[in-house]
Amino acid sequence: MNCIDIIEKIESEHSASKEEYAFLLKNISAGERELLRKKAQKTALNVFGNKVFIRGLIEISSVCKNDCRYCGIRKSNRNAVRYRLTKEQILECCKNGYGLGFRTFVLQGGEDGYFTDEVMTDIVSTVRKEYPDCAITLSLGERGYQSFKKLFEAGANRYLLRHETADMEHYNKLHPNEMSFERRRQSLFWLKEIGYQTGAGFMVGSPYQTFETLAEDLIFIKELNPEMCGIGPFIPHKDTEYRNYPSGSLELTLTLLSIIRLLKPDILLPATTALGTVDAKGREMGILHGANVVMPNLSPAEHRADYSLYDNKICTGDEAAECIKCLSGRMKSIGYQIVTDRGDYCPNERKQKDV
Ligand code: SAM
Ligand code: FES
C-alpha cells in the first residue's frame with residue numbers, strides 16, 4: 001500500500017477502506033498532497049467549471065438547549081450573548097440578500113425551543129412565497145421526523161446537519177450524555193428519506209480525533225451519500241473546556257476537502273468560515289483544493305459577534321454587501337467567479353468537458 005495508489009483508487013473507484021484512508025491521512029507527503037489537490041481541483045472544474053456558489057447565512061438564534069462541549073453558544077456558557085431574530089428581521093435579511101444576488105438562504109441557529117414547528121413553518125412558508133426562485137436551507141439541529149417533514153412541506157429544500165464524528169466513542173466524548181450518536185445519524189437518514197438535499201459534515205482536529213475516526217467519517221460520507229458536506233477546522237472557544245486545545249490544521253482540512261471531492265465528484269462542498277478563520281487565505285485554498293461553495297454572512301451586523309461558536313471568527317463586523325464584495329474579489333484573484341444560481345445539487349447535469 002502506498003499513498004499514490006490510494007489516491008488513484010479513490011479517484012477511480014470513489015471509495016477506499018478505513019485502513020487505506022487512515023494510512024493516507026497519516027503518511028501523505030507534501031508532493032502527494034499536491035497531486036491530490038490537482039486531481040480534486042480538476043474534478044471540481046469538470047463538474048462546476050470555475051463557478052463558486054454563494055449561500056447567504058442567516059444566524060437566526062444564539063439560544064441553544066444543547067451543551068456540545070466544543071461550542072461557544074452551548075447552553076451552559078453564561079458569557080454567551082443570547083439573541084433570536086424575529087420573522088421580520090429574517091425577512092429583512094432575505095430582502096437584503098436577494099438584492100445582493102443571493103438565491104439560497106441558510107437559516108441556522110442553536111436548538112432554540114422558541115422556533116417550534118408552528119413558528120418555523122410560518123417563517124419558511126413566507127420566505128418560500130416571497131422568494132419562489134430561491135432555495136431555503138435549514139440548519140437548526142435535530143428535530144423529529146414529523147418536524148423535518150412539516151418544514152420540507154412548508155418549502156424548505158435543504159438541511160445541514162453535521163454528523164460531527166462517525167465514531168461513537170469520539171461522539172460521546174464531545175457531547176454530554178443527553179445527546180445521542182444514533183439519533184444524530186438517524187436524523188440524517190430521515191432528512192434524505194423526506195427528500196431534502198442533505199448536508200453532513202465534521203470538524204477537523206476536534207479533541208480526541210484520530211486518523212482512524214477521520215477514516216470513519218469518510219466511510220460514513222460514502223454510506224450516507226449526502227448532497228453536501230460541511231467540513232472545517234475545530235477552533236477553540238475561550239468559554240469552553242477545550243479553550244486550550246489547538247485549532248485543527250489547515251493542511252489536514254484541505255487534504256480532507258480534496259479526498260471528499262474525489263469520493264463524490266458532484267458534492268456541494270463549502271470552503272467554510274472556520275477555514276477562513278484559521279488562515280487569511282483559507283477559503284481561497286479551499287476552492288483550489290476542490291471546494292465549490294462559500295457562505296457569506298447575511299445576519300444583521302449588530303448580532304454577528306454574538307453567534308460566537310469559536311474565537312476570532314472572521315467577518316463579524318462587516319455588512320453583507322461588504323462580505324460579498326470581499327469574497328467576490330478573493331475568488332477572482334484565484335481565477336474563479338461567484339455565481340448567483342440557486343446552485344442545487346445536480347448529479348452529472350452540470351458536467352462540462354475539458355474546462
Ligand atoms: N444547531 C445546529 C446543529 O447542531 O447542527 C446548527 C448550528 S451548529 C453551531 C453548526 C456547526 O458549528 C456544528 O455542526 C459544528 O460542527 C460547528 N462548530 C461548533 N463549535 C465549533 C468550534 N468550536 N469550531 C469549529 N466549528 C464549530
Ligand atoms: Fe447548540 Fe452549539 S451547542 S449550537
Side-chain angles (χ1 to χ4, degrees), residues 55 57-84 106-115 120 137-143 147-148 151 158-166 170-171 174-176 178-181 183-185 187-188 190-191 196 198-209 217 226 228-250 252-253 256 270-279 282 295 297 299 304 306-314:
R55 318 299 196 199
L57 182 63
I58 307 174
E59 295 154 337
I60 68 169
S61 176
S62 67
V63 178
C64 189
K65 72 171 172 55
N66 287 335
D67 224 3
C68 306
R69 297 186 199 284
Y70 44 82
C71 182
I73 60 168
R74 64 195 300 241
K75 79 163 177 217
S76 63
N77 180 10
R78 301 227 171 137
N79 297 327
V81 180
R82 308 293 175 177
Y83 72 88
R84 66 171 64 98
V106 183
L107 309 189
Q108 187 181 85
E111 292 192 22
D112 178 354
Y114 169 81
F115 290 100
M120 215 50 229
T137 305
L138 300 177
S139 177
L140 302 169
E142 295 166 36
R143 304 173 77 99
S147 174
F148 287 144
L151 295 173
R158 309 183 189 140
Y159 206 106
L160 302 175
L161 185 75
R162 291 184 175 184
H163 62 281
E164 311 296 2
T165 168
H170 185 209
Y171 185 94
L174 297 177
H175 300 94
E178 307 81 73
M179 294 184 71
S180 147
F181 173 74
R183 199 169 54 229
R184 192 88 180 169
R185 287 166 77 104
S187 300
L188 282 161
W190 281 341
L191 290 165
Y196 281 99
T198 303
F202 54 93
M203 291 176 288
V204 178
S206 60
Y208 314 110
Q209 187 173 67
D217 288 319
M228 309 174 279
C229 184
I231 72 166
F234 157 78
I235 303 172
H237 187 285
K238 61 181 180 356
D239 295 322
T240 65
E241 67 195 85
Y242 299 147
R243 65 183 67 85
N244 294 323
Y245 279 72
S247 289
S249 126
L250 170 75
L252 183 57
T253 309
L256 283 154
T272 58
T273 307
L275 195 55
T277 300
V278 290
D279 190 288
M295 297 172 70
N297 202 320
S299 307
R304 295 275 181 90
D306 299 335
Y307 196 77
S308 171
L309 310 180
Y310 46 81
D311 292 337
N312 306 316
K313 191 175 158 203
I314 52 168

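Ligands are counted one by one from 1 in listed order, and the atoms in each one are counted from 1 as well. What you see below is based on every heavy atom in this structure, not just the backbone, and it leaves out hydrogens, waters and symmetry mates.
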> For atom 12 (O) of ligand 1, what's the nearest protein heavy atom and its distance?
Replying inline: Leu309 CD1, 3.6 Å

>> Using only atom types and a distance under 3.5 Å, with no angle test, would you say the side chain of His170 pairs donor to acceptor with the backbone of Pro207?
In response: yes

>> Between ligand 1 and Gln108, is the shortest N or O to N or O distance under 3.5 Å?
In response: no

> When the ring planes of Tyr242 and Tyr245 are compared, do they come out parallel, tilted or perpendicular, using 30° and 60° as the limits?
Replying inline: perpendicular

> Any N/O of Gly110 closer than 3.5 Å to an N/O of ligand 1?
Replying inline: no

>> Looking at non-hydrogen atoms alone, which of His163, Arg243, Met203, Glu164 comes nearest to atom 26 (N) of ligand 1?
In response: Met203

> So, does Arg304 use its side chain to make a donor-acceptor pair with the main chain of Asn297 at under 3.5 Å?
Replying inline: yes

> Counting N and O atoms only, with roles assigned by atom type, does the side chain of Ser206 sit under 3.5 Å from a partner on the main chain of Phe234, one being a donor and the other an acceptor?
Replying inline: no

> What's the shortest distance from atom 17 (C) of ligand 1 to any protein heavy atom, and which residue and atom give it?
Replying inline: Arg162 NH1, 3.8 Å

> For atom 20 (N) of ligand 1, which protein heavy atom lies nearest, and how many Å away is it?
Replying inline: Tyr70 CD1, 3.4 Å

>> Quick check on the 6.0 Å ring-centre criterion: do His175 and Tyr70 meet it?
In response: yes

>> Side chain or backbone, does His237 bring an N or O within less than 3.5 Å of an N or O on ligand 1?
In response: no

> Between Tyr159 and Phe148, is the ring centre distance below 6.0 Å?
Replying inline: yes

> What residue and atom, counting heavy atoms only, is the protein's closest point to atom 23 (N) of ligand 1, and at what distance?
Replying inline: Ile235 O, 2.7 Å

>> Quick test of your reading of the structure: of Gly232, Pro207, Ala274, Pro233, whose heavy atom lies closest to atom 25 (C) of ligand 1?
In response: Pro233

> Is there a heavy atom of Cys68 sitting under 4.0 angstrom from any atom of ligand 1?
Replying inline: no

> So is Glu111 polar-close to ligand 1, meaning N/O to N/O under 3.5 Å?
Replying inline: no

> Counting only N and O atoms by type, is there a donor-acceptor contact under 3.5 Å from the side chain of Ser308 to the main-chain atoms of Asp306?
Replying inline: no

> Does Gly109 come within less than 4.0 Å of ligand 1, judged by its heavy atoms?
Replying inline: yes

>> side-chain contact (heavy atoms from CB on, under 4.5 Å) for Thr240 and Asn77? Distances and angles first, verdict last.
In response: CA-CA 7 Å; Thr240 65; Asn77 180 10; 5.9 Å; no

> Hey, does Arg184 sit under 4.0 Å from ligand 1 if you only count heavy atoms?
Replying inline: yes

> Is there a donor-acceptor pair closer than 3.5 Å between any side-chain N or O of Asp311 and the backbone N or O of Lys238?
Replying inline: yes

>> Has Lys313 got a side-chain atom pairing as donor or acceptor with Tyr307's backbone, closer than 3.5 angstrom?
In response: yes

>> Using every non-hydrogen atom in the two residues, find where Glu111 and Gly141 come nearest and quote the distance to one decimal.
In response: OE2-CA, 3.5 Å

>> Just to be careful: counting only protein atoms that are N, O or S, how many fall under 2.8 Å of atom 1 (Fe) of ligand 2?
In response: 1

> With a 4.0 Å cut-off on heavy atoms, is Tyr307 touching ligand 1?
Replying inline: yes

> How close do Pro236 and Ser247 get, heavy atom to heavy atom, and via which atoms?
Replying inline: CD-OG, 3.3 Å

> Is there a side-chain contact (heavy atoms from CB on, under 4.5 Å) between Thr272 and Leu275 once you walk through the steps?
Replying inline: CA-CA 5 Å; Thr272 58; Leu275 195 55; 3.6 Å; yes

